[in-house]
Amino acid sequence: MHAIHHRHTHHLERVVLMVGVLVAMMLCAGSAYGQAQANGTGNVEVHDQLNLNEISPIDFGQIDRPTTGSNTFELYWILNGRGWGTTTLTTSGGGDATHLGNEQHGRYMIRGPRRQVVQVTASIAPFNVPGIIVERTFVNGRSDTQIEQLDGTGYRRLRVGGVITVTSSAALGAHTTDVYVTANFP
């Protein structure tokens, strides 16, 4: 019986030892799981603010007012296929006004983050004199709003034009008004 007891005790010791090993493994595994750690990264991208400056004002040029009726003058800038632009002034209407030249689109420069897309809008305020009516405003073409992309150095040129009507009752003299150009991140 002593031999049976010894074998039984030896078997019991093995079971206790296995249970102990399993418990230790579980404790170690639980401990390792509770201490897991990962290293990651954080990012930030800092941009220049958008800056917008007038280089030269829009100028519809010199106009001899019509003796009767009215004429419309459309000043716009169009990019041609070679990457160059052209300032164009057209005259229409039933009046006999004469355009004497010296027209110039308004030129502006945006500075900001390189290759950033911006939305640009432009508007010309009323002249606040009789007989000169602002009909429309254009920026970089024939619309008052454009989506533009700054170049690799963070710049983009803008050309502002528009449409005015001059009537036979237009006030004589040189007149000025405000032009509003804005650029925003879309």
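Keep in mind that the numbers below use all heavy atoms, side chains included, and drop hydrogens, waters and symmetry copies.
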Query raised in the report: Are M109 and Y155 close enough, and set up right, to give a side chain to side chain contact (heavy atoms under 4.5 Å, CB included), and what steps lead you there?
Result: CA-CA 7 Å; M109 182 68 76; Y155 288 90; 3.8 Å; yes
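- If you chain together hydrophobic residues whose side chains sit under 4.5 Å apart, Y108 and V134 fall into the same group.
- Looking at N184, its side chain never comes within 3.5 Å of a backbone N or O of P186 through a donor-acceptor pair.
- Linking ILVMFWY residues whenever their side-chain heavy atoms come closer than 4.5 Å, directly or via other members, leaves I133 and I164 in distinct clusters.
- The heavy-atom pair separating V166 from P66 by the smallest distance is O-CG, 3.6 Å.
- The hydrophobic clustering, which links ILVMFWY residues whose side-chain heavy atoms are closer than 4.5 Å, places I110 and F185 together.
- Under a 3.5 Å cut-off, the side chain of N71 and the backbone N or O of T165 do not form any donor-acceptor pair.
- A donor-acceptor pair shorter than 3.5 Å cannot be found between the side chains of S143 and T145.
- I63 and A97 make their closest contact through CG2-CB, 4.3 Å (heavy atoms, listed as atom of the first residue, atom of the second, distance).
- In plain terms, the two heavy atoms of V139 and A122 that are nearest each other are CB-CB, 4.0 Å.
- Y180 and L158 fall into different hydrophobic clusters, defined by Ile, Leu, Val, Met, Phe, Trp and Tyr side-chain heavy atoms under 4.5 Å apart, directly or through other members.
- Of the inter-residue distances, the one linking L52 atom CG with T182 atom OG1 reads 8.0 Å to the nearest 0.5 angstrom.
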Report task. Quick one: do R114 and D151 satisfy side chain to side chain contact (heavy atoms under 4.5 Å, CB included)? Show the steps, please. Result -> CA-CA 6 Å; R114 292 178 299 179; D151 66 17; over 6 Å; no
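- Under a 3.5 Å cut-off, the side chain of H175 and the backbone N or O of G173 do form a donor-acceptor pair.
- Shortest non-hydrogen contact noted between T177 and A125 is OG1-O, 2.8 Å.
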Query raised in the report: When you look at V120 and V181, which way does the side chain to side chain contact (heavy atoms under 4.5 Å, CB included) test go after all the steps?
Result: CA-CA 7 Å; V120 181; V181 180; 4.2 Å; yes
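- In the hydrophobic clustering of this structure, V118 does not group with I55; members are Ile, Leu, Val, Met, Phe, Trp, Tyr whose side-chain heavy atoms approach within less than 4.5 Å, directly or through other members.
- Of the possible donor and acceptor atoms, none in the side chain of E148 sits under 3.5 Å from a partner among the backbone N and O of Q119.
- Proximity of a side-chain donor or acceptor of E103 to a complementary backbone N or O of G61 within less than 3.5 Å is not detected.
- Between the side chain of N140 and the main chain of R159, a donor-acceptor pair closer than 3.5 Å is present.
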Report task. Determine, step by step, whether T67 and D96 satisfy the side-chain hydrogen bond (donor to acceptor under 3.5 Å, both in side chains) criterion, reporting the C-alpha distance in whole Å, the side-chain angles of both residues, the deciding distance to 0.1 Å, and the verdict. Result -> CA-CA 7 Å; T67 54; D96 59 353; 2.7 Å; yes
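- Annotation: side chain of R115 is in contact with side chain of Q149 (closest heavy-atom distance under 4.5 Å).
- Across all their heavy atoms, S56 and H105 have their closest contact at OG-O, 4.2 Å.
- At least one side-chain heavy atom of F60 sits under 4.5 Å from a side-chain heavy atom of I58.
- Among all heavy-atom pairs drawn from L150 and P113, the shortest one is CD1-O, 3.3 Å.
- Within the model, atoms CZ of R111 and CD of Q116 stand 13.5 Å from one another, a figure rounded to the nearest 0.5 Å.
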Requested in this report: In sequence, state the C-alpha distance, the side-chain angles, and the governing distance for L89 and H99, and then conclude on side chain to side chain contact (heavy atoms under 4.5 Å, CB included).
Outcome: CA-CA 9 Å; L89 185 122; H99 189 271; 3.6 Å; yes
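- Checked against side chain to side chain contact (heavy atoms under 4.5 Å, CB included), V163 has the following partners two or more places apart in sequence or in another chain: T72, E74, E135, R136, F138.
- Here the side chain of T137 pairs a donor or acceptor atom with the backbone of I124 at under 3.5 angstrom.
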